[in-house]
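Below is one structure, written out as structure tokens; comments come after it.
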Amino acid sequence: MMTSNVNPSALIKPNWDVPSNIHAVMTTRHFPYYSNQGMARGAYGNFNLATHVGDDLTQVKNNRQILCDMLALPTPPIWLEQVHSNKVVNATEINMLNAKADASVSAEKNVVCVVMTADCLPVLICSADGQKIAAIHAGWRGLANGIITHSINALTTQEVIVWFGAAIGKHCFEIGDDVRQIFIKKSSDYATAFQRHGSKWLADIYQLARIELAQLGIFNVYGGDYCTMRDEETFYSYRRDTHTGRMATLIWRT
């Protein structure tokens, strides 16, 4: 699947206890191979996978092909046009030309669900029997509007295993009280995800997601150990750089 010249820092593999037919990975900003050939430059450099940012869409197309080849993906990923919504689509029923949604699910073999992030939380889900998968782009707006709940409903099972990819950490995600109040009005449970920070608040996006999952009775959750904003060498970060690339988080089953 991966050749010897692949840069190990280019990929994060979820550390979760899932059936052997489940495959998942998150990219970083590091180029996958030990070579400068074909690398983009500037804020979108290295291994940007988003077509709506940057100034070299040809390079993005090349990067996406490199991703497919490196992982020996069974089919091209189902890329979404992410709009910070709570919309979930069935990956096998949409046109591959960027459906407007923030999560995709599938119960089919060899379908690759993917989301892109640069501070927002990527969430991967698989059913305990390894037959259903989901990839979720969970920014605060999506979380406030129940993107995880909508995805679980689309999977039609709560017997699931969840992994959180890299997102902005709880010491960096500054928000206003208006955002905090949106969550507090939903449930007082969310109060534990916020810490006062001067006239603002710091939000724990991982905790916001855990709370929504706990309300669904889901506790089999892994990950949540990174901060995209602080780790500039490894991750793109919109909060840190504003103009920047995107990482991809993928899941598929065989």
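Numbers here simply count residues along the sequence, with the first being 1.
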| request: Of all the heavy-atom pairs spanning Ile161 and Ala128, show the shortest one and how long it is. | output: CD1-CA, 4.3 Å
| task | Using modelled atom types only, decide if a donor and an acceptor are shared between the side chain of Lys100 and the backbone of Val83 within a distance under 3.5 Å. | result | no
| message | Once rounded to the nearest 0.5 Å, what's the spacing between atom CG of Leu216 and atom CD1 of Ile148? | response | 8.5 Å
| task | Would you mind reporting whether Trp140 and Ile182 have side-chain heavy atoms less than 4.5 Å apart? | result | yes
| query | Mind checking whether Ile218 and Val160 have side chains closer than 4.5 Å, heavy atoms only? | reply | yes
| said: Just to verify, which of Thr242, Asp119, Thr117 counts as forming a side-chain hydrogen bond (donor to acceptor under 3.5 Å, both in side chains) with Ser237? | reply: Asp119
| task | Could you walk me through whether Leu67 and Leu250 pass the side chain to side chain contact (heavy atoms under 4.5 Å, CB included) test, one step at a time? | result | CA-CA 10 Å; Leu67 179 69; Leu250 309 89; 3.9 Å; yes
| Are Val111 and Trp252 side-chain neighbours, meaning at least one heavy-atom pair lies under 4.5 Å? | no
| message | Would you say that Leu11 contacts Pro32 through its side chain, given a criterion of any heavy-atom pair below 4.5 Å between the two side chains? | response | no
| In one Ile/Leu/Val/Met/Phe/Trp/Tyr side-chain cluster, 4.5 Å: Leu143, Leu213 | yes
| message | Hydrophobic clusters here meaning ILVMFWY residues chained together by side-chain heavy-atom distances under 4.5 Å, can you tell me if Ile175 and Ile205 are in one? | response | yes
| query | Would Leu73 end up clustered with Phe47 when hydrophobic side chains under 4.5 Å apart are linked, directly or stepwise? | reply | yes
| field | Pair Phe194-Gln207, side chain to side chain contact (heavy atoms under 4.5 Å, CB included): steps then yes or no | value | CA-CA 9 Å; Phe194 300 97; Gln207 180 67 358; over 6 Å; no
| query | Do Arg239 and Phe173 come close enough that some side-chain heavy atom pair is under 4.5 Å? | reply | yes
| Yes or no on side chain to side chain contact (heavy atoms under 4.5 Å, CB included) for Thr234 and His30, after CA distance, side-chain angles and deciding distance? | CA-CA 7 Å; Thr234 305; His30 292 295; 4.2 Å; yes
| query | So do Asp102 and Val115 actually touch side chain to side chain, heavy atoms under 4.5 Å? | reply | no
| When rounded to the nearest 0.5 angstrom, what is the spacing between OH in Tyr206 and OH in Tyr226? | 9.0 Å
| request: Show the numbers, then the answer: is there a side chain to side chain contact (heavy atoms under 4.5 Å, CB included) between Tyr236 and Met116? | output: CA-CA 11 Å; Tyr236 295 115; Met116 293 178 295; over 6 Å; no
| said: Which residues pass the side chain to side chain donor-acceptor pair (under 3.5 Å) test with Glu212, not counting sequence neighbours? | reply: Thr149
| query | Heavy-atom distance under 4.5 Å between the side chains of Ile22 and Trp163, does that happen here? | reply | no
| request: Indicate, with yes or no, if Ile133 and Val221 share a hydrophobic cluster defined by side-chain heavy-atom contacts under 4.5 Å among Ile, Leu, Val, Met, Phe, Trp and Tyr. | output: yes
| said: Nearest 0.5 angstrom please: Arg253 CZ to Ser106 OG, how far? | reply: 7.0 Å
| query | Are Ile168 and Ile12 linked, directly or through other ILVMFWY residues, by side chains that come within less than 4.5 angstrom of each other? | reply | yes
| query | Would a 4.5 Å heavy-atom cut-off, applied to side chains only, mark Met26 and Pro122 as touching? | reply | yes
| request: Keeping the roles fixed (side chain from Arg64, backbone from Leu49), state whether a donor-acceptor pair exists under 3.5 Å. | output: yes
| Does Leu155 offer a backbone N or O that forms a donor-acceptor pair with the side chain of Lys132 under 3.5 Å? | yes
